[in-house]
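Contents: one structure, followed by commentary.
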Protein chains: 4
Amino acid sequence: MKSLEKHNKILTSATKVFAKKGFFNARISDIAKEAKVADGTIYLYFNNKFDILISVLEEEIGKIIEQIQKSIEKETDPQKMLTIFVQKHLATMKQNRNLAEVIHIELRQSDKLVKEYRNKTFKQYINVISHIIQRGQEQNVYRKDIKPGIAKRAFFGALDEVSRVWAESTGSTYSLEETTEQILALFLNGMLEKKA
Amino acid sequence: MKSLEKHNKILTSATKVFAKKGFFNARISDIAKEAKVADGTIYLYFNNKFDILISVLEEEIGKIIEQIQKSIEKETDPQKMLTIFVQKHLATMKQNRNLAEVIHIELRQSDKLVKEYRNKTFKQYINVISHIIQRGQEQNVYRKDIKPGIAKRAFFGALDEVSRVWAESTGSTYSLEETTEQILALFLNGMLEKKA
Amino acid sequence: MKSLEKHNKILTSATKVFAKKGFFNARISDIAKEAKVADGTIYLYFNNKFDILISVLEEEIGKIIEQIQKSIEKETDPQKMLTIFVQKHLATMKQNRNLAEVIHIELRQSDKLVKEYRNKTFKQYINVISHIIQRGQEQNVYRKDIKPGIAKRAFFGALDEVSRVWAESTGSTYSLEETTEQILALFLNGMLEKKA
Amino acid sequence: MKSLEKHNKILTSATKVFAKKGFFNARISDIAKEAKVADGTIYLYFNNKFDILISVLEEEIGKIIEQIQKSIEKETDPQKMLTIFVQKHLATMKQNRNLAEVIHIELRQSDKLVKEYRNKTFKQYINVISHIIQRGQEQNVYRKDIKPGIAKRAFFGALDEVSRVWAESTGSTYSLEETTEQILALFLNGMLEKKA
DNA sequence: GATGAATGAGTATTCATTCAT
DNA sequence: GATGAATGAATACTCATTCAT
């Protein structure tokens, strides 16, 4: 049974096709061709077209979320945790353009199942940010008047939008290091010039 | 003119339907029913289904962008400009749930025409932010090491994500005033506790 | 709205196609072509392929059953009633070959819905026979040891099988009059030579 | 031979599945699962799905026909022959529900090959009846005005319909003995009360 | 202008059949 | 012989779009 190998091959192919055409414009035959299998073979591994999308979200994004969460758990210093979070998130998005595109586009779908997924696994990811902020506030590193519930969304939104440029642009853009540094500078110190 | 009235009625209905079902799951007959016209009537005002979406983006979002830009142009103080931008943006998104939903979801579409629109009108909107930052930097209000090209995206991303909560949530969330204040505090002063 | 006309046209065409190919081998496009409408048009009048079959059974057979029942209700003499029943049944079956074929073939389907129909409307038809027999027994016309519940089935089965020949055969067969006479003779007098 | 055993196992399983779901709704995998073999194994014993159906008709029904024909051949008295025919036919149908169901349903198929089979083997079976009647007429046991060509069909149709009840019903029905007796009484003596 | 019945291109999915192991 | 993963042809059904009224 070479099942797992083919399962992953289809998932990668689907990610590629979804990234290029979007879920609704993607054809099962496109994915099959990309994965070099017959159309029917796809249905040996997935229940239907939508199941493929959900699997991409669950499995592929799931892996990323897990990785990032793990690398943060080792740290205790909020500053370091936040830095790692930004670095890892942006690095992953820059690395895997197809997956980044799918996250940017398909995760927004108004479909009930997609929303369900978003509300389950994804919020968990965003909450990592608020936990870091809370810990930082307890340690008097972060300002107490910052509300973690709002800040976590602002922070994630910023990362998400910033990384979208990589997925959609073709030419050269800001580098990973530069972007990481700027985001951290922005959120940690703000834009205001410190008055003497 | 009766025509314009119907044109707008269809556009509003389409926005509502797109918000609820998403573009691909929306049926022309859904929009027709919502607008209380016959299916065929829609084709007297729009070329095709996609044209309706583009029109929603162009006209409805266009109006908003124009309004916000106008109210900012009157100001010269970067701090006030930024404050107005945040207030207006969030207020509009909270006011018009349907449109907010369409912006959140459909503006991400991988479709070529949608991307084209985004690259044209939308970037113009985002650039309002970078212009404000640049002006602030010239006036020594904002830090010079902040790169407006990255900051504008981070800023917009934050606003976008923060406002998404209103579109998708059913229960009570953070208020408009609270959110506006927090976003400004975050981006202007950063999260770091100012050491004495 | 020329709805009813087209509805019937599709129903007749479907009956013809079902008769020729059987339900499962019939293609929607076959029916559409036969009815000279587009494939999609069929779905304006029927929910799905199966609904067409059920409609043929319900509407077309329904009409026949109704007709036969009416012409019997006018009579009170069991002998005349039975004669009319046999005549009408066989005449109808000989007249409309396509419908006869569909009744013979598709009414046997193991499908749940078909069974449901059979159990509802069809039994009602068969029970006409047992009622006639009962009345005849009360009037001392028919033998009391005949059980109407079995006899009604034997009677119907005989008619059904006898009429199948017309639907399936291409050459000449027994005439309507001949067959009617024989069936009546058989069931009324039996095959046994009356001993003096 | 192990092969023959498996051949029969598949045939029995197919009969069961066909009886339950009907030929078109039956899946090869259903039959394979029922027979506890792999899907591919079936194709070592049969050419295709349709071949299985034909084989069920040919082999399974063939055996029954042969048995009944044999038990009749021993007799010379038309009355006894007819009695045996009815007894055996009904007994077999009541005994083997699955096969009875397949005969009732699938033998009606409009498929060319099925029709061919019916026209070949099956008519031979029905003709047993007409031969008995003819013999009875020669011996002055049966009335001369009965046309064996029509009567054989009426007779078979009656048996067929009467036995269908057993295949489809779940509750209690008329017993085998009762039904046999009634059918014979009906066809031999008719329904008419003998006037003194 | 407005209607909505009619159109027919387009596609996800099924499942009989094959064949490498 | 036996397996069951892989194949890909086949088709019911949908829905954007048209056009006669």
Side-chain angles (χ1 to χ4, degrees), chain A residues 1-3 5-7 10 24-33 35-52, chain B residues 1-3 6-7 10 23-33 35-52, chain C residues 1-3 5-7 10 24-33 35-52, chain D residues 1-3 6-7 10 23-33 35-52:
Chain A
M1 211 194 316
K2 54 172 70 173
S3 280
E5 196 183 317
K6 203 158 277 189
H7 174 103
I10 293 171
F24 287 101
N25 288 319
R27 302 289 141 240
I28 288 292
S29 57
D30 294 336
I31 298 172
K33 195 179 288 177
K36 283 169 190 161
V37 297
D39 290 23
T41 304
I42 290 184
Y43 290 87
L44 296 176
Y45 296 92
F46 300 93
N47 296 323
N48 51 48
K49 191 185 170 188
F50 203 81
D51 185 37
I52 305 176
Chain B
M1 208 192 301
K2 206 160 191 178
S3 278
K6 201 161 277 186
H7 173 103
I10 293 171
F23 175 75
F24 287 100
N25 289 320
R27 303 290 144 238
I28 288 291
S29 57
D30 294 335
I31 299 172
K33 192 179 290 177
K36 284 169 188 163
V37 297
D39 291 22
T41 305
I42 289 184
Y43 288 86
L44 298 174
Y45 296 91
F46 300 93
N47 295 321
N48 52 47
K49 189 186 172 189
F50 204 80
D51 185 36
I52 306 177
Chain C
M1 215 193 313
K2 55 172 72 173
S3 281
E5 197 183 316
K6 203 157 277 187
H7 174 103
I10 293 171
F24 288 101
N25 289 319
R27 302 288 141 240
I28 288 292
S29 58
D30 293 336
I31 298 172
K33 195 178 288 175
K36 284 171 189 157
V37 296
D39 290 24
T41 304
I42 290 183
Y43 291 88
L44 296 176
Y45 296 91
F46 301 92
N47 296 322
N48 51 49
K49 192 185 170 189
F50 203 81
D51 185 36
I52 305 176
Chain D
M1 207 191 303
K2 206 161 193 177
S3 279
K6 201 161 279 188
H7 174 104
I10 293 171
F23 175 75
F24 287 101
N25 289 320
R27 305 289 147 236
I28 288 291
S29 57
D30 294 336
I31 299 172
K33 193 179 289 176
K36 284 169 190 162
V37 297
D39 289 22
T41 305
I42 289 183
Y43 289 86
L44 297 174
Y45 295 91
F46 300 92
N47 295 322
N48 52 46
K49 189 185 172 189
F50 204 81
D51 185 36
I52 305 176

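Predicted model, so just to flag it, every value in this text is computed and none were measured. Every chain is numbered from 1, with letters handed out A, B, ... down the list of sequences.
Taking atom NZ on D/Lys33 and atom C1' on F/dA2, their separation rounds to 18 Å, with Å as the unit. Rounding to whole angstrom units, CG of residue C/Asp30 and C1' of F/dA12 are separated by 12 Å. Counting to the nearest Å, the P atom of F/dA12 and the CG atom of C/Asp51 are 15 Å from each other. Between A/Ile42 atom CD1 and F/dA5 atom P the separation is 17 Å, expressed in whole Å. A straight line from CD1 of C/Ile10 to C1' of E/dA5 spans 12 Å, rounded to a whole angstrom. Per the geometry, NZ belonging to D/Lys36 stands 13 Å off P belonging to F/dT3, to the nearest Å. To the nearest angstrom, P of E/dA5 lies 15 Å from CD of C/Glu5.
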request  = Determine, for nucleotides 13-21 of chain F in 5'-to-3' order, which nucleotides have protein heavy atoms under 4.0 Å from the base (write B), from only the sugar-phosphate (write S), or from neither (write -).
outcome  = BBSSBB---

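Looking at residues two or more places apart in sequence or on another chain, you find no ring-ring contact (aromatic ring centres under 6.0 Å, His included) involving C/Tyr43. Listed by chain and number, the residues in a side chain to side chain contact (heavy atoms under 4.5 Å, CB included) with D/Asn48 are D/Phe50, D/Asp51 (sequence neighbours excluded). Residues satisfying the side-chain hydrogen bond (donor to acceptor under 3.5 Å, both in side chains) criterion with A/Asp30, sequence neighbours excluded, are A/Lys21. Contacts of B/Ala32 classified as side chain to side chain contact (heavy atoms under 4.5 Å, CB included), with partners at least two apart in sequence or in another chain: B/Val37, B/Asp39, B/Ile42.
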inquiry  = Dot-bracket for DNA chain F, please. Rules: Watson-Crick or G-U, both distances under 3.5 Å, ( ) within the strand, [ ] when a pair crosses earlier ones, | for another strand, . otherwise.
reply    = .||||||||||||||||||||

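In plain terms, the two heavy atoms of D/Phe23 and D/Lys49 that are nearest each other are O-NZ, 2.9 Å.
Counting only distance, with no hydrogens or angles, the side chain of D/Lys6 and the backbone of D/Ala35 share no donor-acceptor pair below 3.5 Å.
Taken from OG1 in A/Thr41 to CD1 in A/Ile10, the straight-line distance is 7.0 Å, to the nearest 0.5 Å.
Look at D/Lys6 and you'll find a side-chain N or O under 4.0 angstrom from OP1 or OP2 of F/dA2.
When the nucleotides F/dA5, E/dA6, E/dG1 are ranked by their closest atom to the side chain of A/Tyr45, F/dA5 comes out on top.
Relative ring orientation between A/Phe24 and B/Phe24 is described as parallel, the plane-to-plane angle staying below 30° on a 0-90° scale split at 30° and 60°.
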